[in-house]
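Only one structure is covered here, and it is reproduced in the block below.
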Amino acid sequence: MSDVDTASGTDRVRAALQAASGSISRTRLLLIPLLLFDLLVFVVPMGYLLRISFAKRSVGGGALQKGTWSFDGYQYLLDSSVVGTVFRWTLLFGVVATLLAVAIGTLYAYAAWRASGTTRTILLAGVVMSMFTTLVVKLFAARLMLSPEGAVNDTLLATGVLDGRLLLVNNEIGVLIGQLYIVLPYTVLAVYSVLTGLDEGLVEAANDLGATPVRAIREVVLPHAVPGMAVGGIIAFAWSAGAFAAPLLLGSASERTVAIEVQNLLGQFNYPGAAALAVVLTTVVLVVLALGIAWLRRRGGLRDV
Amino acid sequence: MGSVRTVVELDGVRVEYGELVAVRDLSLSVRDGELFCLLGPSGCGKTTTLRTIAGFESPDTGQVVLDGRTVTDLAPYARDCATVFQDWALFPNKTVIENVAFGQKMAGVGKTERREQARDHLETVEMGDYEDARPAELSGGQKQRIALARSLAVNPNVLLLDEPLSNLDKRLRETMQLEIKEIQERLDTPMVYVTHDQEEAFTLADRIGVMNDGRLVQVGDPETVYDDPVDQFVESFLGNSNFLSGRVVGSGTDRHDTARRAVTVEFPAVGAETQLSAANSLATGDEVTASVRPEIVELSPLSGGTAVSPDGGTPEADTTEQHNTDIEQGAGNRMALIGTVLDVVYRGSSIRYQVGVDTNESVELFVERSVARAPDLSAGDRVRLSWDITAVYYFGPDGARIRV
């Protein structure tokens, strides 16, 4: 009797497992811990932020009135004369930084890919090493280098490239350089990783068929690099649209980004306004990224004859 | 012959990679309309030679001349040649027709026109139905055809092929060899074809250049190279042969022509001696290698040698038994040996016999016969091997051919 029971028990388990694997495959089961982690560190805080953005501002003292519902935060954004300017500047800055990061990153990655031996190691180490230090230390170093009395200006003056000192900090140039310093390693590595999958023989074949080195890059290397450039671009844009440290340390009052404005609002105890601004920025970034990915999917890489 | 144009000329080309010398002072010329095979083992420098013609390697010394123009320092894209690569190197992001039209696109030919031309070239390689396919969707043989069409589409002065068929299976390789040959004859495009496969070279080539260790050892049409190898390397590379090592044991005058000097060479392994005339370069003690090609060896069952004769009759008296293993210098200058079949290997259309020689257990000779002509032998059978000694090739201590 017990034998039969055990057998039918095992069968039942097996049947249950089979049924389960019908709806959720085993691979998907493996994703569950990751999804839980995401839920904990992204979805829950974002939900909380969203909730705060719809809370009433407090009249005196506290940051917000708990348990209330209102459009105060969003209304503040519409009424404020600063927010619109800050938003436009942030998005423009994000786009410019992204385009530059992808362009420079792709060139750098291509150089590293074409180089061999020690040169390649040095180029890649240079990228990875800059990730070893924290953001603030890196940007302070950049500030020292770029300041009017800094190494960059000294060198340019000494070599006769310039006849006067350039202002490279406390303006948009400084912010851009600082931001590129942060995001470039990621775009370089993203593009380099896809280039490693490109057969150098294809570049030779293009040259053999009459393509100059530049045309071979356009016809063979770039189409292959597009996914890496897209990933690098997405990272660069998401990071630059939310830029905080670089504008704070290398910019002036006119280089104010959304992130800095959020910090300001928090300082003014306008929590619903700060949350609403953060929600709007996140939404805009997500929409831009979704459009970018959709465009890439539809395009499916460059192709033409 | 003097009026035939030279399309590729290499003059004293040397290519070094640091310490390694890949090509040593190599000179060759390829004539218009011919299919020239560079044949050699891997690492002999044949691919480097081809890449030097294409412009991917720049020679340390020497000149590359294409169609009368010195191109030694020109980049690959500025040379009028096209390469079919070993792994085909089709552009994965482009469709078949985009791949084939690529060269004309680079040359600035308009889209409609270059697509029209590309279609013609796809027809040439019988791939007209695949113009919108991606390379990843094609089989190896189809990729090979597209690579060929893509290179032909730039109307090159010379087409360079770097072991284009080595990634294909044997049957497909043989089909493609014939197709390439047919296309070559039809279009009359000169080709330089690199291969390590001597059968492929013999099938395709108008002329063969055999390479070894960065040098061009011998150039000639297939028959000449096969019938008249210049050295032991060529002899061993072009086909399987039986090599017997010997030593010069003395010198004197030729047995048949007393005016000529001759040396006596002993082949201890088979217990035989032979006299080589006109061998002035040889001194006593020099090592000599004899190549006995399997096709010159006659193989016959030794009746009477075995306990039971195949026809069940009385054992015949065999004259060769008396001579046993020594040279039979009698009629027609033949040498004969007695041995035992050690192994019979069926290789499909042919049968290969491995025979151990009585005089020396360590010496094995092999003979190959097509199945239709194969004697009915099995391992353990006693056999008689004989060959015409004038059909044997001899090589001196430096590997150079001794012409007798």
Side-chain angles (χ1 to χ4, degrees), chain A residues 102 106 109-111 113-121 190-233 293 295-305, chain B residues 18 50-51 53-57 74-115 117-118 131-132 134-135 146-147 149-156 159-162:
Chain A
V102 171
T106 305
Y110 178 72
W113 180 66
R114 282 314 287 261
S116 56
T118 327
T119 324
R120 178 183 285 187
T121 313
V191 176
Y192 181 79
S193 68
V194 294
L195 283 185
T196 54
L198 174 61
D199 175 11
E200 272 185 78
L202 294 179
V203 180
E204 279 194 348
N207 288 334
D208 189 64
L209 293 165
T212 59
V214 173
R215 288 212 80 178
I217 291 177
R218 208 192 103 39
E219 293 285 342
V220 178
V221 180
L222 281 185
H224 186 88
V226 163
M229 290 162 75
V231 170
I293 289 168
W295 171 79
L296 259 179
R297 275 226 178 114
R298 198 160 45 89
R299 183 148 181 172
L302 298 174
R303 65 181 280 211
D304 68 317
V305 152
Chain B
L50 196 80
R51 289 173 59 83
I53 300 173
F56 296 120
E57 311 287 343
L74 281 186
Y77 56 83
R79 300 187 184 197
D80 285 332
C81 54
T83 311
V84 177
F85 296 91
Q86 186 169 9
D87 58 359
W88 311 310
L90 298 179
F91 306 124
N93 292 309
K94 297 181 187 294
T95 61
V96 162
I97 195 151
E98 287 169 348
N99 264 282
V100 178
F102 185 84
Q104 293 302 75
K105 184 185 181 187
M106 294 303 106
V109 176
K111 186 166 180 169
T112 329
E113 196 185 338
R114 64 176 184 250
R115 278 190 171 244
Q117 292 174 359
E131 54 177 79
D132 292 323
R134 296 268 166 173
I146 301 306
R150 186 179 68 174
S151 296
L152 288 171
V154 299
N155 303 314
L159 189 65
L160 311 172
L161 301 103
D162 184 9

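Computed from a prediction, not measured in an experiment: that's the story for all the values here.
- At a 4.5 Å heavy-atom cutoff, B:Leu160 makes no contact with chain A through either its backbone or its side chain.
- Only the side chain of B:Asp87 comes within contact range of chain A, judged by heavy atoms closer than 4.5 Å.
- A side-chain contact (heavy atoms from CB on, under 4.5 Å) with B:Pro92 is found for exactly one of A:Asp199, A:Leu202, A:Leu198, namely A:Leu202.
- If you measure heavy-atom distances from B:Ala82 to chain A, the contacts under 4.5 Å come from both the backbone and the side chain.
- Both the backbone and the side chain of A:Ala206 have a heavy atom closer than 4.5 Å to some heavy atom of chain B.
- Within the 3.5 Å criterion, the main-chain N or O of B:Tyr77 finds no donor-acceptor partner in the side chain of A:Asn207.
- Ranked by heavy-atom pairs shorter than 4.5 Å toward chain A, the options B:Trp88, B:Phe85, B:Phe56 are led by B:Phe56.
- The two residues A:Pro223 and B:Asn93 have their closest heavy-atom pair at CB-ND2, 3.6 Å.
- Of all heavy-atom pairs spanning B:Ala89 and A:Gly201, the tightest one is CB-O, 3.9 Å.
- One distance of note links CE of B:Met106 with OG1 of A:Thr212; it measures 8.0 Å at 0.5 Å rounding.
- Smallest separation of non-hydrogen atoms from A:Asp208 and B:Thr83: OD2-N, 2.5 Å.
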Exercise for review: Please lay out, stage by stage, how A:Glu219 and B:Phe102 fare under the test side-chain contact (heavy atoms from CB on, under 4.5 Å).
Suggested key: CA-CA 9 Å; A:Glu219 293 285 342; B:Phe102 185 84; 3.6 Å; yes

